[in-house]
Amino acid sequence: MASSPKIFQVISGAPGVRGSRVTILTKDSLNLIDFMESIIFKTQKVGENEHEPFYVLDLGVVASLYDKWIQSLPMVHPFYAVKCNPEPALLGALAALGSNFDCASRAEIEAVLALGVSSDRIIYANPCKAVSHIKYAASVGVNLTTFDSREELDKIRKWHPKCALLIRVKGPDDSGARSPLGAKYGALEDEVEPLLQASQAAQLNVTGVSFHIGSGAMKLHAYRGAIAAAKEVFDTAARLGMPKLRVLNIGGGFTADPYFDEAVSVVKSSLQTHFAIVPGLSIMSEPGRFFAESAFTLAANIIGKRVRGDLREYWINDGIYGSMNCIVNDNATVTCMPLTSSSKVSKNYSSTVFGPTCDAFDTILKGHQLPELRVSDWLVFPKMGAYAASTGSRFNGFDTGAISTYLAYSNPS
Ligand SMILES: *Cc1c(COP(=O)(O)O)cnc(C)c1O
């Protein structure tokens, strides 16, 4: 499906994509590396953005991941978590493919609405929201949110009482995640009943349960425990005489290969065990990393070099305060290779790659094997789409938000 011309039409006409050039990549004629070289060539020729770092977003990857999701979990509606990467072309492509959205702030809601997505395709999935943002959500008709405290219920009762609510619960185990979330969010087991009672007393409309097992989850049995815990909340609500819960939100945590198939089978079997008999159940999820991570490739330019014996040290124009912030915030492991391996010299050097700011902490890779490179050569960083550019800063005057993104569409086949 992802490779069909029809899907390409849908994506190239999507909001956020329409009007931008989308370069088609094929294995035999123009591959990703050729495309990056052509971008560099062009920027040098016109003298614009010369040597500046840039991203390539491969929308063909997004299309095939979306297809993979729909094939694997047809009963689970994806709500893409915008915070992972809010690039408009990514949001627009996902919207055109049929995805819904998980927004955590007023600005994220605005970004999604600006693409022409209707407000009933948005969940405001931040359990702790500022009053001004709640009022905004109410004013634009975003009518689904999450909570895990009484204080949140008080705010919602006051400012958005018609909003449907999912109680966010803490899954039993998120210790295996790259970015665990359980320390911050999710009602504990013994908090669930009092919170449901409080929502009843406030005449608020709790319609279901959500959880997040942690981002970049490795211990996939966490889905099993969390789905079982969610079912207990359904039972508690029934015991309290509340209207029947009917929404289960299994959150994010999904990665593309190699763990996805395993996650799918754990989720499916747990749903079968605990939710097969719940009538009219609507299941949703909030994948971020799954759609974004592998779709983006970063190119950064070597702006400085130092030789110390056998050690090679390079400075590049993106770093820990920019895209590589994912190393800190997401425990990511980044890797890079030279853009051109034209010289077939076999000798590699142990190399350090520094970011551009004047902070020694701004060190991207150490002991990385690279051939001898020169100032103004390029390094390519694959899989830089998740929690990377979106978390970068303008520290020292290096503006992560100014990094350009070029669009490509590869045909998987
Ligand atoms: C960050 C976040 C997500 C996305 O998580 P991934 O692991 O990237 O899929 C989904 N839901 C909520 C509530 C989040 O905070």
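Counting convention: from 1, in listed order, for ligands and their atoms alike. The first residue of the sequence shown is numbered 1, and numbering continues consecutively from there.
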In this structure, atom 11 (N) of ligand 1 is nearest to the protein heavy atom E286 OE1, 2.5 Å
Atom 9 (O) of ligand 1 sits nearest the protein heavy atom G288 N, 2.8 Å
Run the ring-ring contact (aromatic ring centres under 6.0 Å, His included) test on Y409 and F8 for me, step by step, so that the C-alpha distance in whole Å, both residues' side-chain angles and the decisive distance to 0.1 Å come before the verdict. CA-CA 8 Å; Y409 191 94; F8 178 73; 5.0 Å; yes
Exercise. Kindly state whether the ring of Y223 and the ring of F254 have centres lying under 6.0 angstrom apart.
Key: yes
of all protein heavy atoms, closest to atom 7 (O) of ligand 1 is S215 OG, 2.5 Å
* To do: For the pair F291 and W69, name the ring-plane relationship: parallel under 30°, tilted 30 to 60°, perpendicular over 60°.
  => tilted
Check: of F291, Y387, F254, F79, min heavy-atom distance to atom 8 (O) of ligand 1 comes from Y387
Less than 6.0 angstrom separating the ring centers of F54 and W378, yes or no? yes
Distance under 6.0 Å and angle within 45° of the ring axis: does K129 meet both against Y124? yes
among protein heavy atoms, the one nearest atom 3 (C) of ligand 1 is H212 NE2, 3.3 Å
Any Y185 heavy atom less than 4.0 Å from ligand 1
no
Atom 1 (C) of ligand 1 has as its nearest protein heavy atom K83 NZ, 1.2 Å
Worksheet item: Has G251 got any heavy atom lying under 4.0 angstrom from an atom of ligand 1?
Response: no
